Protein chains: 4
Amino acid sequence: MTEDKKQNIIDAAIQVFSKHGYERGTVSEIANQANIAKGSFYHYYNSKEEIVYDLFKMVFDKFLDSWNTIIEKDISPDKKVELLIDRSFDDIIEMLEEKNVTSLILIFEIMFFLYRKSLKTGKENVIEKYFLKYYDILKPIFEEGQEADIFRQDIDPSYLAYLFFSMVDGFGLHFMMQKDNFDAEKSRKYLKAILLEGLIQK
Amino acid sequence: MTEDKKQNIIDAAIQVFSKHGYERGTVSEIANQANIAKGSFYHYYNSKEEIVYDLFKMVFDKFLDSWNTIIEKDISPDKKVELLIDRSFDDIIEMLEEKNVTSLILIFEIMFFLYRKSLKTGKENVIEKYFLKYYDILKPIFEEGQEADIFRQDIDPSYLAYLFFSMVDGFGLHFMMQKDNFDAEKSRKYLKAILLEGLIQK
Amino acid sequence: MTEDKKQNIIDAAIQVFSKHGYERGTVSEIANQANIAKGSFYHYYNSKEEIVYDLFKMVFDKFLDSWNTIIEKDISPDKKVELLIDRSFDDIIEMLEEKNVTSLILIFEIMFFLYRKSLKTGKENVIEKYFLKYYDILKPIFEEGQEADIFRQDIDPSYLAYLFFSMVDGFGLHFMMQKDNFDAEKSRKYLKAILLEGLIQK
Amino acid sequence: MTEDKKQNIIDAAIQVFSKHGYERGTVSEIANQANIAKGSFYHYYNSKEEIVYDLFKMVFDKFLDSWNTIIEKDISPDKKVELLIDRSFDDIIEMLEEKNVTSLILIFEIMFFLYRKSLKTGKENVIEKYFLKYYDILKPIFEEGQEADIFRQDIDPSYLAYLFFSMVDGFGLHFMMQKDNFDAEKSRKYLKAILLEGLIQK
DNA sequence: CATGAATGAGGATTCATTCAT
DNA sequence: TATGAATGAATCCTCATTCAT
């Protein structure tokens with residue numbers, strides 16, 4: 001029940017931060033958006049900063065779950081990779097549509113905020129940790145693919161996972177900026193083509 | 001000369017923003033760092049925001065120049081692509097070293113700041129424009145490579161340029177977060193291997 | 001019984017206020033310390049301020065009782081004065097030890113709080129009243145001592161009581177600040193010596 | 001010149017804190033009283049707390065100076081002590097008159113504030129230090145008096161200074177509360193009588 | 001051009017108090 | 001009685017920007 005309220009506030013925070021960015025988004029506006037009093041925000045979070053961690057976890061866990069449903073499928077590893085690209089692509093598209101509260105730009109900003117935080121405080125970098133998690137769930141796919149002679153065997157599967165994810169993310173970044181200049185479906189098709197080709201065993 | 005002073009301020013701003021981020025970096029600290037009075041800042045820039053544009057231009061033009069020196073070389077297109085990856089990689093490494101004032105994280109943040117700005121004001125997205133510039137100088141390489149039967153011909157060269165750049169950028173993003181977990185030289189080698197393989201004509 | 005609960009809350013309040021001072025001590029922390037809910041505090045006290053009066057009374061009545069046991073003894077007036085100094089001294093020492101919840105500093109702060117309150121509201125100064133009570137129970141000792149030719153007769157016994165108490169209090173104030181610089185037992189001895197000498201009839 | 005402005009702010013702060021106490025006195029009201037903008041306060045002081053130290057120093061140095069003028073006089077030590085009591089008494093009276101900005105209660109409160117601060121932070125107790133200073137300038141008087149066979153010789157002169165000051169302060173504390181119940185001049189006379197008698201060599 | 005004092009709007013946070021359950 | 005979520009006024013502090021010198 002308390003969790004419902006928290007979720008309500010997180011949703012509000014996502015909206016506000018999506019609109020203005022973390023620094024420019026105010027607790028007042030979040031409270032407003034969540035239909036609570038300014039002071040009530042502090043019943044659920046000790047500070048403006050604290051909510052970022054919840055927000056981050058929520059978003060990044062959602063991705064994790066989303067990917068896991070693919071990874072658990074009973075299909076070939078290369079098909080899984082293809083589906084993962086598709087899923088990422090769909091997520092990107094969805095987040096770029098205004099109706100969706102979780103904006104892509106916010107996710108990037110949160111990543112940088114948390115990264116900077118860890119640099120300053122010396123505390124653990126939660127982003128780094130989550131990325132490692134992502135790589136870890138991708139890794140078995142590449143291992144399986146290498147064993148099946150589908151994926152190239154000259155690259156350590158950890159690096160395959162890491163580079164694969166890098167590239168998909170990089171695509172998201174540029175597509176965000178260029179969605180008016182490049183066709184989405186073409187982008188998807190070509191991204192898949194290049195990535196798969198780069199990974200396939202000749 | 002005024003341009004010298006401006007450069008002085010830009011350098012200071014890069015240092016300050018690198019350290020704290022744009023929002024948290026203050027005009028006071030920039031003035032301090034530049035050894036001028038706070039008020040003097042406003043002789044050169046009308047606002048804190050204005051300097052971001054100069055800063056952005058400076059950094060992104062430097063990249064443009066850096067890449068152009070490669071593109072103008074008299075070597076094969078695939079070699080050019082390889083050198084471009086190397087150059088990007090070297091830049092990333094350099095920026096991640098503390099001595100360099102231009103921090104990688106700042107560049108990403110500036111991109112997001114300007115992107116958000118354009119979203120809010122509806123004004124032109126300078127990032128989008130610059131990225132298009134980047135794609136444009138890459139495009140001839142891919143065209144040349146396609147004509148020479150080196151690069152795959154099933155993908156529009158504009159898209160090749162755009163996806164190539166996306167992937168290199170994505171790599172920078174993840175490498176920044178993971179530099180303690182993945183070996184730099186291995187990363188470079190594998191990145192090249194995957195990207196080139198993905199682009200090459202079979 | 002309600003009084004038990006109240007006492008429980010007062011004890012908690014003393015702990016909290018001792019630690020942080022009245023202004024900085026919060027109702028939340030008091031409730032916490034008393035193992036009740038924040039809201040329950042208001043079943044027993046109408047406001048944070050109200051508890052100060054109870055707290056004050058409790059502490060100051062304890063002093064009154066403590067002194068009365070001495071005054072009622074069947075000993076000479078000068079001996080009584082000596083014992084009163086000793087008792088005060090012991091109380092001061094005890095309050096300065098950390099284990100004791102009633103800190104000396106808190107007592108002074110409460111005095112000032114209530115004094116200021118009376119200045120602002122024009123309502124009766126409870127501190128003034130209690131001090132008068134203290135003087136009043138001391139007065140008979142001095143009267144008795146004057147009649148017995150022990151204490152000096154050139155000073156009104158009311159003033160003797162008032163000045164005696166002032167000086168003992170002043171000692172507490174300075175000893176609190178200087179407990180690391182002046183030896184307790186020497187202080188006690190000398191305080192007695194000076195005070196008694198100053199009061200004795202030559 | 002900056003010092004003038006600072007003094008202006010200190011004066012305002014004394015007024016405001018005298019009226020409401022330190023915790024309840026607001027930076028806004030200080031700024032108002034000083035006829036400056038709220039933000040300007042922070043050009044001169046980094047925090048509300050910081051000004052307390054200046055304020056404390058100003059007040060306590062003034063006392064120091066005031067006492068020194070007596071100590072430097074070419075008169076007998078017992079006469080000096082008498083004058084010191086008179087001076088303290090006059091200061092107390094003056095501070096209790098409303099027209100004077102430096103209120104007595106504020107001085108006590110500052111003492112407690114700083115004492116508590118030192119307890120919490122473990123940093124040096126400036127009050128303790130200043131009191132030691134006070135004792136130190138009194139000490140030579142008592143030494144001189146002991147040598148001249150005027151003051152009692154059974155008490156260490158440091159303790160004489162410390163106890164003398166304690167008692168005068170204690171008197172201030174009680175007189176503040178009781179000024180309506182006890183005559184000022186009688187109080188002065190009796191205080192002197194007791195204190196001097198207590199100190200004199202028989 | 002240079003300075004830095006002055007401004008004041010704005011934002012995070014605290015906390016005594018209320019009240020529905 | 002007991003609870004603790006909700007409130008919102010109040011407060012400290014920040015900082016981009018202005019402007020008189």
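A quick note: this is a predicted structure, and the numbers were derived from the prediction, not measured. The sequence lines fix the lettering, A, B, ..., with proteins before strands; numbering per chain opens at 1.
Across the protein-nucleic acid pair, B:Glu23 atom CD and E:dG10 atom C1' stand 14 Å apart, rounded to whole Å. The CD1 atom of B:Ile30 sits 16 Å away from the P atom of E:dT3 (whole-angstrom rounding). We find that NZ of C:Lys48 is positioned 12 Å from C1' of E:dT17, with the value rounded to whole Å. E:dT13 atom C1' lies 9 Å from atom NZ of A:Lys38, rounded to whole Å. One can place NE2 of C:His43 at 17 Å from P of E:dA16, the figure rounded to the nearest angstrom. Separating the CD atom of B:Glu29 from the P atom of E:dG4 is a distance of 17 Å, rounded to the nearest angstrom. Atoms NZ (A:Lys6) and P (F:dA5) sit 12 Å apart, rounded to a whole Å. The interatomic distance linking D:Ile9 (CD1) with E:dT7 (P) rounds to 10 Å, in whole Å.
B:Arg116 and A:Lys19 get closest at one heavy-atom pair: NH1-O, 3.2 Å. Between B:Tyr44 and B:Glu50, the shortest heavy-atom contact is O-OE1, 4.2 Å.
Within 4.0 Å (heavy atoms only), B:Tyr44 reaches sugar-phosphate atoms of the nucleic acid but no base atom. Among the atoms of the strands shown, only primed sugar atoms or phosphate atoms (P, OP1, OP2) are found under 4.0 Å from some heavy atom of D:Thr26.
Judged by distance alone, the side chains of A:Asp11 and A:Gln7 do bring a donor and an acceptor atom under 3.5 Å apart. Side-chain contact, B:His20 with A:Lys120: a donor N or O sits under 3.5 Å from an acceptor N or O.
As rounded to the nearest Å, E:dC1 and F:dT21 have C1' atoms that lie 13 Å from one another.
For the OP1/OP2 pair of F:dA2 and a distance below 4.0 Å, the side-chain nitrogens and oxygens of C:Lys5 include at least one atom meeting the criterion. A close approach under 4.0 Å does occur between a side-chain nitrogen or oxygen of C:Ser40 and OP1 or OP2 of F:dT3.
Partner assigned to F:dT21 is E:dA2, using Watson-Crick or G-U wobble distances below 3.5 angstrom. Base pairing of E:dA12: its partner is F:dT11, meeting the Watson-Crick or G-U wobble criterion (both donor-acceptor distances under 3.5 Å).
Closest-nucleotide positions on DNA chain F for D:Tyr42 and B:Glu49 were compared, and the one nearer the 5' end corresponds to D:Tyr42. Both A:Phe41 and B:Val27 sit near DNA chain F, but only A:Phe41 has its closest nucleotide nearer the 5' end. Closest-nucleotide positions on DNA chain E for D:Ala37 and A:Ser47 were compared, and the one nearer the 5' end corresponds to D:Ala37.
Remark: side-chain polar atoms of C:Lys48 are paired, donor with acceptor, to backbone N or O of C:Gly25 under 3.5 angstrom.
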